[in-house]
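Labels below follow one simple rule: chain letters A, B, ... track the order of the sequence lines, proteins then strands, and each chain is numbered from 1. Nothing here was measured: the structure is a model prediction, and the numbers come from that model.
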2 protein chains.
Amino acid sequence: MKTLRIHIILNVFILIFTFGTLTIVQASDPLASWNDGPAKRSIVQFVKKVTKAGAADFVPPAERVAVFDNDGTLWAEQPMYFQLFFALDRVKELAPQHPEWRDKEPFASLLKGDVKSALAGGEKAILEIVMATHAGMNTEAFVKIVKDWLAGARHSETQRRYAEMVYQPMLELLAFLRANGFKTFIVSGGGIEFMRPWTEAVYGIPPEQVVGSSIKTKFEMRSGIPVLVRLPEINFIDDKEGKPVGIHSHIGRRPVAAFGNSDGDLQMLQWTTAAPGARFGLIVHHTDSKREWAYDRQSHVGQLDKALDEAKAKGWIVVDMKNDWKVIYPPAK
Amino acid sequence: MKTLRIHIILNVFILIFTFGTLTIVQASDPLASWNDGPAKRSIVQFVKKVTKAGAADFVPPAERVAVFDNDGTLWAEQPMYFQLFFALDRVKELAPQHPEWRDKEPFASLLKGDVKSALAGGEKAILEIVMATHAGMNTEAFVKIVKDWLAGARHSETQRRYAEMVYQPMLELLAFLRANGFKTFIVSGGGIEFMRPWTEAVYGIPPEQVVGSSIKTKFEMRSGIPVLVRLPEINFIDDKEGKPVGIHSHIGRRPVAAFGNSDGDLQMLQWTTAAPGARFGLIVHHTDSKREWAYDRQSHVGQLDKALDEAKAKGWIVVDMKNDWKVIYPPAK
């Protein structure tokens, strides 16, 4: 009996100690989901040196601009970009209004559930799917379509909602930068209008700080009511060489920090880190086949090849997801 | 002697009273340069109702977006848009490198000082002048060109620097809105890159909150250094139907308040005020031929015709510059 009692008391002590420590760590460490390693230390060190008044590397708050890719950097992108899942779900939903799709590629294959054949048509096929599912309505109707989809759809492998497949360590990084006077922007190859309806709630990034690819819109008066109609015509592709152009167009100043995960982010990283003064470049390397996915040089989605080589040459930080991150996603709701 | 002494004492009292009152008025009235009239009262009333927590018209801070036209709304625009003066000065500066301009319109007329003949070619002539003077360099070189010009050039009629021809009452309005949680944006037909180098210092509006017309830019590596080169090709015209499109592209949410002065702002005012909830539209009417300029329906610059009629129908506030504004420009430096 006595041994048992001591055992219980000891366990209670261990419990108090454990939870007490956990609480302290979480309260004092804004990057609690990052393991203590070179990536985490570089981030903290960079933020410290650019925010220290009077220091050589000090950056005034107005110029603390940090840009983040979205797919593969802030949320997952496998087995294909989530916006493509959205488009495929839309095709199924719209099919009854388009009997001609039954004999027309890429729609015919899609409706048979054969995604691979549908996408065999490459960029042209994807463009047709995007235009058929993203254009034709007014801007406010599209916001509702995106929100409704995001509230209901679930990822086939994780069974999570897509907005729950954001990376917990990156959420902490966004908050940490903002707490240090940074303005955080998304600069994504994905659709600007596909992201804006939810980035504020999910990432704390308001619509005016989201840069992305877009189709054209047209102002019209319909029965005396002004509307913006989404046209089936590409306006801007915010990828590769397009990213610095998009940054320049929307933000109008060069970022001091850039975060990406693929060759699509290479030029954004080059543009950000080539300027004089303290600059920071970081690449999320997908190395965790158990908790997420492992892919890089050979991947069709989020290929990371040239940028991985250049990271070494330029001193950009490469995050090893498997070893640098304690958790991948936030706790399931 | 006694009378004189009383006189002096009385004067001192008057002085104290006058300056005391002035000080109190300036400290307590954020719109001190506005005469007490319907325009000023409408502004104050609108801000009060959208910022009062729990009220029917309350607007959350994140949605307090206010958009301002620039030419004729925040600074003067007569006898022609200031950006055109910039372009003409650039033509003179670049002429030695372009001997062919001596026989080529619109440059030949311009170099002879005959602006009227040069602009007789209409939009095509203006476009040629803009492309010859705004494109070809990289984005950072252009910022320097704009800043240098603005620091030296003076308006031929007022002898003021152009950045000193901003409207004091509008500066107070911008600050008043920001003090009440609004985010202030410029949405101008003028060049986005012509405005961004100075809007933060002059208006307190950072580059990422400036929307305007643009030419295309291209990302290039030059001797291993990434640059954005300005191309002689129109990207976007942020005027008339373009303004709601520009707002949607850059801001991604509908403003609750819009401020303009011409028919170029009509669609922006329609788009802003047509949405449900509290909305505010205001037009600056140039009625002061002595302190500024008086023009509206027949003017070639800043024509105000349709929007003036629609203001009555829609309940937009029309500012009468002559009677609503105590001063036009800030004190000369």
Side-chain angles (χ1 to χ4, degrees), chain A residues 61-63 65 138-140 143 183 185 192-193 195-197 199-200 204-212 214-221 224-231 235-236 240-255 266-275, chain B residues 61-63 65 138-140 143 183 185 192-193 195-197 199-200 204-212 214-221 224-231 235-236 240-255 266-275:
Chain A
E63 289 165 30
V65 169
N138 73 44
T139 50
E140 285 172 1
V143 167
K183 215 165 176 174
F185 290 81
I192 190 167
E193 305 238 33
M195 295 182 284
R196 280 174 164 170
T199 54
E200 190 153 33
I205 296 179
E208 62 268 28
Q209 285 162 226
V210 177
V211 183
S214 57
I215 58 175
K216 296 205 171 177
T217 58
K218 186 172 181 279
F219 177 86
E220 271 180 26
M221 294 297 283
I225 295 165
V227 290
L228 286 171
V229 182
R230 293 171 57 76
L231 305 179
N235 178 57
F236 180 66
K240 297 191 168 75
E241 286 83 2
K243 290 207 174 192
V245 173
I247 288 169
H248 187 70
S249 162
H250 282 260
I251 308 177
R253 44 181 144 209
R254 210 190 287 217
L266 176 60
Q267 290 81 359
M268 173 170 87
L269 284 156
Q270 290 170 334
W271 176 242
T272 299
T273 60
Chain B
E63 289 165 30
V65 169
N138 73 43
T139 50
E140 285 173 0
V143 167
K183 213 164 177 177
F185 290 81
I192 191 166
E193 305 238 33
M195 296 182 284
R196 280 174 164 170
T199 55
E200 190 153 34
I205 297 179
E208 62 269 30
Q209 286 162 225
V210 177
V211 182
S214 57
I215 58 177
K216 296 203 170 179
T217 58
K218 185 171 183 280
F219 178 87
E220 269 179 26
M221 294 298 282
I225 294 165
V227 290
L228 286 170
V229 182
R230 292 171 57 76
L231 306 178
N235 178 56
F236 180 65
K240 298 193 168 74
E241 286 82 5
K243 288 207 175 192
V245 173
I247 288 169
H248 187 70
S249 162
H250 282 259
I251 308 177
R253 46 180 142 209
R254 206 185 299 210
L266 177 60
Q267 289 81 357
M268 173 170 87
L269 283 155
Q270 289 171 335
W271 175 244
T272 300
T273 60

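B:K183 touches chain A through its side chain: at least one heavy atom from C-beta onward sits under 4.5 Å away, while N, CA, C and O do not. If you measure heavy-atom distances from A:E220 to chain B, you find no contacts under 4.5 Å at all. Contacts between B:S214 and chain A at a heavy-atom distance below 4.5 Å are absent for every atom of the residue. With a threshold of 4.5 angstrom between heavy atoms, B:Q209 approaches chain A through side-chain atoms but not through N, CA, C or O. In this structure, no portion of B:I225 lies under 4.5 Å from any heavy atom of chain A. Using a 4.5 Å cut-off between heavy atoms, B:F236 makes no contact with chain A at all. In this structure, the portion of B:V227 lying under 4.5 Å from any heavy atom of chain A is its backbone and not its side chain.
In terms of the side-chain hydrogen bond (donor to acceptor under 3.5 Å, both in side chains) criterion, residue partners of A:R253 (sequence neighbours excluded) are, by chain and number, B:E200, B:E208. For A:T273, the side-chain hydrogen bond (donor to acceptor under 3.5 Å, both in side chains) partners at least two apart in sequence or on another chain are A:W316.
With A:L228 as the partner, the side chain to side chain contact (heavy atoms under 4.5 Å, CB included) test is satisfied by one option alone out of B:E241, B:H248, B:R254: B:H248.
With chain A as the partner, the residue from B:P226, B:G242, B:A62 showing the most heavy-atom pairs under 4.5 Å is B:P226. Across B:P244, B:G212, B:P197, B:A275, the residue that shares the most heavy-atom pairs under 4.5 angstrom with chain A is B:P244. Interface check for chain B: of the options A:M221, A:K216, A:R196, the most heavy-atom pairs under 4.5 Å are formed by A:R196.
Expressed to the nearest 0.5 Å, how far CD of A:E193 lies from OG of B:S249 amounts to 8.5 Å.
In this structure, B:P207 and A:G252 approach most closely via the heavy-atom pair CB-O, 3.9 Å.
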